[in-house]
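Down below is the structure, laid out as structure tokens.
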Amino acid sequence: MHRLEEIWMTVSVGILIIFMAIVGYQTFSLGMGPPSHAETIDPQKVEETAPFDDPGVKKIGDNEYEVVMTLQSFAFNPSNIEVPAGAKVTFTMTAMDVTHGFQLPGTNINAMVMPGHIQKISHTFDEPGEYLIICNEYCGVGHQAMSTTITVK
Ligand code: CUA
């Protein structure tokens, strides 16, 4: 083999090994891997299936709240949510018809909510105020009107 070929081979394989080591370290040591299990739901029976048979804000711990929410064209249910500042809020969501989005501009909350799947996302709102919730997945003619707010007190 030519000397330059040997150098190229060594560098290429070396880069591959370094990348694999970084990804492996992130996944196994830092826990940055993708979710290991997906929760599903029968999209025809959302309204009869717990917890979506009773959407709303629930206190689930000392300073912890769960917001159970269903998304459908073109609304978030419940629509006007209120949570205290500084509390950990977990949104548990599913879609009733087509794929919708759940984004709060100004925060790092940005999730895709699909029919048949349960989406969970947690956030702590440190600053009181009114936060806008928008759907960022095109879901039909009323898509641009699909929004609501969450009040943090
Ligand atoms: Cu829902 Cu766009």
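Both counts, for ligands and for their atoms, begin at 1 and track the order of listing. Along the sequence shown, residues are numbered consecutively beginning with 1. Note that these values count all heavy atoms, side chains included, but never hydrogens, waters or copies made by symmetry.
For atom 1 (Cu) of ligand 1, protein N, O or S atoms closer than 2.8 Å were enumerated as His100 ND1, Cys135 SG, Cys139 SG, Met146 SD, with waters left out.
Using cut-offs of 30° and 60° on the angle between ring planes, the pair Phe102 and Phe91 is tilted.
When each of Ile150, Thr151, Thr148 is paired with Asn80, the side-chain contact (heavy atoms from CB on, under 4.5 Å) condition holds for Thr148 and for no other.
Salt bridge status for Glu48 with Lys45: absent, with no side-chain N to carboxylate O gap under 4.0 Å. At a threshold of 4.0 Å, the pair Glu39-Lys120 counts as salt-bridged, since one of the basic side-chain nitrogens sits closer than that to a carboxylate oxygen. Using a cut-off of 4.0 Å between Lys/Arg side-chain N and Asp/Glu carboxylate O, Glu64 and Lys59 are scored as not salt-bridged.
Here side chain to side chain donor-acceptor pair (under 3.5 Å) pairs that include residues 7-24, with residues two or more places apart or in two chains, number zero.
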